[in-house]
Every structure is written in C-alpha cells, then in structure tokens.
Amino acid sequence: MELVKPGENVKAIKIIDATGLIISPGFLDIHNHSDRSITDSVNRLNENYIKQGVTTIVGGPDGYYSPSSILKLINAYKKNGTGTNVAFYVGHNGIRQEVMKNDQKRPPSVEELKAMKALVREGMEM
C-alpha cells in the first residue's frame, strides 16, 4: 500500500466532481458480530460492510472477549487478512469466565478480582 504524503505532487487517474455531495473516509460499526466470521478466508473481506461504507468494526459488543480470545482472532486475521479494520471490546463476561470458569454466581474472591483486573489491564494495553 502506498501512502500519499503532504506536499507530494500527485496526478489523479480520475477526477470525480463531488459538488453537493458528502464525502466520508468510512464509517465505524461499534456493535458488530462479524469479527468471528471474518477469520474464515472465504469471508475475510467483510464485503457486506465494505459495500455499506463501513471500514472499521468493533467486535465483542456483548462482553464475551478476554485478551486470550482476542489474541486468537488477531492471529487468524494475520494469517488471512481482513477487508475491514477491527477493534475489540475487552469484555466483563469473557474475563469473568476465564477467571471464575462456570462458578460465576457468587462474588469473586480477592485473588480472582485481582486476576480479572490484570486481564482488563492486559486487554486495554493490547
């Protein structure tokens, strides 16, 4: 991919008259569920979103991703590529599940809470 730098003398192949139109660099879909399906090389381009002008999706809106699950998705994207930019929410449910497993109908212990805080920090730093 080539980037145009400020001050470069660039000649356009085609000029589009956008008078009276609105020009946008792309839209963000902040509640998206295509983050898992685009790990598949067949669906990786996320074309249905691109065709709507969405260039960035945010996955995990329902709170089910912990840092380890996000890393798995990132590795799949690195392998196959994606058609949209992808960001993630670090989710309460995913973190609680990772630390407390299936025993979540109780308050966390001090150590479990400490582990969950560390996972949130790790996810935010990612």
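The first residue of the sequence shown is numbered 1, and numbering continues consecutively from there.
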Worksheet item: Under the ring pair (Phe, Tyr, Trp, His ring centres under 6.0 Å) rule, what pairs show up with a residue in residues 94-126, not counting sequence neighbours?
Response: none

Side-chain polar contacts of residues 17-28 - donor-acceptor pairs under 3.5 angstrom, sequence neighbours left out - could you list them?
| residue | atom | partner | partner atom | Å |
| --- | --- | --- | --- | --- |
| Asp17 | OD1 | Thr19 | N | 3.0 |
| Asp17 | OD1 | Thr19 | OG1 | 2.5 |
| Ser24 | OG | Gly26 | N | 3.3 |

Worksheet, complete the sentence: Applied to residues 41-73, the ring pair (Phe, Tyr, Trp, His ring centres under 6.0 Å) test, sequence neighbours excluded, yields Tyr65-Phe88

Fill in: Heavy-atom closest pair, residues Ile57 and Ser34
CD1-OG, 3.3 Å

Item to complete: Could you pull out all residues at least two apart from Tyr89 that satisfy ring-ring contact (aromatic ring centres under 6.0 Å, His included)?
Response: none

Fill in: Partner set under ring-ring contact (aromatic ring centres under 6.0 Å, His included) for His33, not counting sequence neighbours
His31

Worksheet item: Would you say the side-chain atoms of Ser109 pair up with the backbone N or O of Glu112, donor to acceptor, closer than 3.5 Å?
Response: yes

Fill in: Glu122: partners by side-chain hydrogen bond (donor to acceptor under 3.5 Å, both in side chains), with sequence neighbours left out
none

Worksheet entry | Those residues that, when tested against Glu125, pass side-chain contact (heavy atoms from CB on, under 4.5 Å) (two or more places apart) | Arg121

Practice prompt. Report yes or no: do Met116 and Met124 belong to one cluster of Ile/Leu/Val/Met/Phe/Trp/Tyr joined by side chain heavy-atom distances under 4.5 Å?
Written response: yes

Practice prompt. Kindly work out whether a path of hydrophobic side-chain contacts (I/L/V/M/F/W/Y, heavy atoms less than 4.5 Å apart) joins Ile50 to Val86.
Written response: no

Worksheet entry | Val90 side chain reached by Ile70 side chain, heavy atoms, under 4.5 Å | yes

Worksheet item: Closest approach of Asn43 and Ile38, non-hydrogen atoms and distance?
Response: O-CG2, 3.3 Å

Item to complete: Let me see the working for Leu71 and Met126 under side chain to side chain contact (heavy atoms under 4.5 Å, CB included), right down to the final yes or no.
Response: CA-CA 9 Å; Leu71 280 175; Met126 287 171 51; 3.8 Å; yes

Discussion item. Under the ring pair (Phe, Tyr, Trp, His ring centres under 6.0 Å) definition, can you give me all pairs with a residue in residues 105-126, not counting sequence neighbours?
Written reply: none

Discussion item. With a 4.5 Å cut-off on side-chain heavy-atom distances among I, L, V, M, F, W and Y, is there a chain of contacts connecting Ile74 to Ile95?
Written reply: yes

Worksheet item: Do you know which two heavy atoms are closest between Asp35 and Gly60, and how far apart they sit?
Response: OD2-N, 3.2 Å

Fill in: Pairs where residues 92-105 contributes a residue and the test salt bridge (Lys or Arg N to Asp or Glu O under 4.0 Å) is met, not counting sequence neighbours
Asp103-Arg106

Item to complete: Using modelled atom types only, decide if a donor and an acceptor are shared between the side chain of Gln52 and the backbone of Asn48 within a distance under 3.5 Å.
Response: yes

Practice prompt. May I have the step-by-step check of side chain to side chain contact (heavy atoms under 4.5 Å, CB included) for Asp29 and Val54, ending in yes or no?
Written response: CA-CA 7 Å; Asp29 184 336; Val54 174; 3.9 Å; yes

Worksheet item: When rounded to the nearest 0.5 angstrom, what distance separates OG in Ser66 from NZ in Lys72?
Response: 8.0 Å

Worksheet item: What do you reckon, is CG of Leu113 surrounded by more than 12 foreign heavy atoms closer than 6.0 Å?
Response: yes

Worksheet entry | side-chain hydrogen bond (donor to acceptor under 3.5 Å, both in side chains) partners of residues 79-88, not counting sequence neighbours, each pair once | Asn46-Thr84, Thr56-Asn85

Item to complete: Enumerate the residue pairs fulfilling salt bridge (Lys or Arg N to Asp or Glu O under 4.0 Å) with a member in residues 42-66, sequence neighbours excluded, ordered by first and then second residue.
Response: none

Fill in: Results of side-chain contact (heavy atoms from CB on, under 4.5 Å) for Asn102 - residues two or more places apart only
Gln97

Worksheet item: Tell me, do Leu73 and Thr39 make a side-chain contact under 4.5 Å, heavy atoms counted?
Response: yes

